[in-house]
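Below is one structure; the comments refer to it alone.
Values in this document were obtained by computation on a predicted structure and should not be read as measured data. Order of appearance sets the numbers: ligands from 1, and atoms from 1 within every ligand. Heavy atoms only: backbone and side chains are in, while hydrogens, waters and symmetry mates are out.
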Amino acid sequence: ETQKTVRINIYRGDAEGGEFVEYDVPLVEGMVVLDAVLYVQAHISPDLAVRWNCKAAHCGSCGGEVNGRPKLLCKTRVDDYEGEEIRVSPMRAFPLIKDLVTDVSWNYEVARSIPEFKPAEKAPFTMYEEDVERLYEPKRCIECFLCQDVCHVLRSHHKHPAFAGPRFFAKIQSLEMHPMDTGHRTEYLKEGRGGIGFCNITKCCTEVCPEHINITDNSIIPLKERVVGDYYDPAKWLMRKIRGR
Ligand code: SF4
Ligand code: F3S
Ligand code: FES
């Protein structure tokens, strides 16, 4: 029996430009796109650049695009594309370094710009069970930045200087929800680098999140409401902080 092969087109290039190159790789039952890419790197083109680490959807380093959709390459099965052409490309919201590897450092700059966790100086504060539950969801984030990649605000305005992006709205919401936190982030969200007003709730971020974090409903919408509440009713913010909720 002859070995079946699958054709994948991989973007090869750098900041100067590039193109898709076709490769035929042996088809293995259940293989993921990263397997095919690593086969090319091992047997056909050793200089192919790809970032990966865990191969188990935990580390968040293998983010790219398959047929234009943001995906973890290690979690995307080749047989999901049966009968279709497969095109693997780097995340387009970030500057390309080489082939499938982009420079995601902009995200870490955003992370540093967020007003940090500020614990209440003295107890009592009450930790309710539902607060703990709500805190868990954003903590599942593996920082793959697929949500950042898909968001049109970042895609079309590349490195938007005044938009933190969905991953960081989830982060901010986890800080804001923390019963011990006394930080104040509504100015950051409205007038600072947060720029939450640019989000028009397309929900694309929630759709691509491999950790199924409901970024839009559980983080962005509550934060937008909080911004409106705090801006038009500052006493509300104070009460919320005093009550620890
Ligand atoms: Fe990735 Fe989801 Fe975290 Fe965004 S929120 S960086 S899509 S794990
Ligand atoms: Fe972008 Fe998500 Fe809002 S994709 S526009 S941050 S709902
Ligand atoms: Fe770690 Fe894909 S290699 S998430």
Side-chain angles (χ1 to χ4, degrees), residues 30-39 41 48-66 68-78 80 88 90-94 99-102 104-111 114 134-160 162-175 177 189-190 193-227:
M31 79 193 295
V32 291
V33 173
L34 182 63
D35 292 321
V37 170
L38 293 178
Y39 181 92
Q41 191 189 52
L48 168 60
V50 57
R51 184 160 47 213
W52 67 283
N53 210 306
C54 69
K55 216 173 162 284
H58 287 316
C59 73
S61 53
C62 70
E65 297 187 7
V66 181
R69 294 279 298 158
K71 297 276 185 193
L72 289 181
L73 301 185
C74 74
K75 207 191 173 187
T76 307
R77 285 175 64 129
V78 167
D80 286 349
V88 190
M91 290 193 284
R92 77 186 83 165
F94 308 115
D99 304 331
L100 300 176
V101 178
T102 53
V104 293
S105 57
W106 175 80
N107 292 286
Y108 302 113
E109 279 169 40
V110 175
I114 297 171
R134 289 190 306 165
L135 283 167
Y136 270 125
E137 193 191 37
K139 284 208 189 313
R140 295 204 305 264
C141 176
I142 57 172
E143 299 219 303
C144 61
F145 304 125
L146 296 184
C147 56
Q148 303 285 84
D149 183 44
V150 82
C151 178
H152 71 98
V153 181
L154 293 172
R155 273 195 173 201
S156 33
H157 308 276
H158 189 61
K159 280 216 248 173
H160 201 295
F163 186 70
R167 187 274 170 270
F168 296 105
F169 297 140
K171 169 83 185 170
I172 291 169
Q173 174 66 345
S174 75
L175 294 170
M177 277 188 310
L189 286 168
K190 189 175 158 67
R193 191 155 187 186
I196 199 165
F198 288 107
C199 163
N200 51 351
I201 325 269
T202 59
K203 300 199 179 194
C204 311
C205 49
T206 301
E207 281 164 28
V208 300
C209 177
E211 286 295 315
H212 307 289
I213 299 172
N214 194 340
I215 309 168
T216 325
D217 291 347
N218 294 345
S219 293
I220 296 177
I221 292 173
L223 286 177
K224 277 178 176 276
E225 285 168 357
R226 191 158 279 196
V227 166

Validation row: [X], [Y] side chains within 4.5 angstrom (heavy atoms):
X	Y	value
N53	H58	no
D80	V66	no
I220	L223	no
W52	L38	yes
L72	I142	yes

Give a yes or no on whether the backbone of [Y] and the side-chain of [X] come within a donor-acceptor separation of less than 3.5 Å.
X	Y	result
T206	T216	yes
K224	C199	yes
R77	V33	no
R167	C141	no
E137	N214	yes
N107	V104	yes
T76	L73	no

Numbering the atoms of ligand 3 from 1, which are under 4.0 Å from a heavy atom of [X]?
X	value
C74	2 (Fe), 3 (S), 4 (S)
C54	1 (Fe), 3 (S), 4 (S)
C62	2 (Fe), 3 (S), 4 (S)
K55	1 (Fe), 3 (S)
H58	4 (S)
G60	1 (Fe), 4 (S)
N53	3 (S)
A57	4 (S)

Can you tell me the protein heavy atom closest to [atom] and the distance?
atom	value
atom 4 (Fe) of ligand 1	C147 SG, 2.3 Å
atom 2 (Fe) of ligand 1	C209 SG, 2.4 Å
atom 6 (S) of ligand 1	F145 N, 3.3 Å
atom 8 (S) of ligand 1	I142 N, 3.4 Å
atom 1 (Fe) of ligand 1	C144 SG, 2.3 Å

Quick look: E143 vs ligand 1, heavy-atom contacts under 4.0 Å, and the answer is backbone
Taking only heavy atoms of [X], which atoms of ligand 1 are found under 4.0 Å from at least one of them?
X	result
R167	6 (S)
I215	5 (S)
C141	3 (Fe), 5 (S), 6 (S), 8 (S)
P210	7 (S)

For K203, the ligand 2 atoms with a heavy-atom partner under 4.0 Å come out as 7 (S)
Quick look: K75 vs ligand 3, heavy-atom contacts under 4.0 Å, and the answer is neither
For atom 1 (Fe) of ligand 2, protein N, O or S atoms at a distance below 2.8 Å amount to 1
Stepwise side-chain contact (heavy atoms from CB on, under 4.5 Å) check, I196 with I172:
CA-CA 11 Å; I196 199 165; I172 291 169; over 6 Å; no
How about C59: does one of its N, O or S atoms come closer than 2.8 Å to atom 1 (Fe) of ligand 3?
yes
Centroid separation under 6.0 Å, is that true for the rings of F163 and F169?
yes
dist R92:CZ -> S156:OG (nearest 0.5 Å) comes out at 10.5 Å
Test side-chain contact (heavy atoms from CB on, under 4.5 Å), reference I215, set C151, P138, P166, C204, output is P166
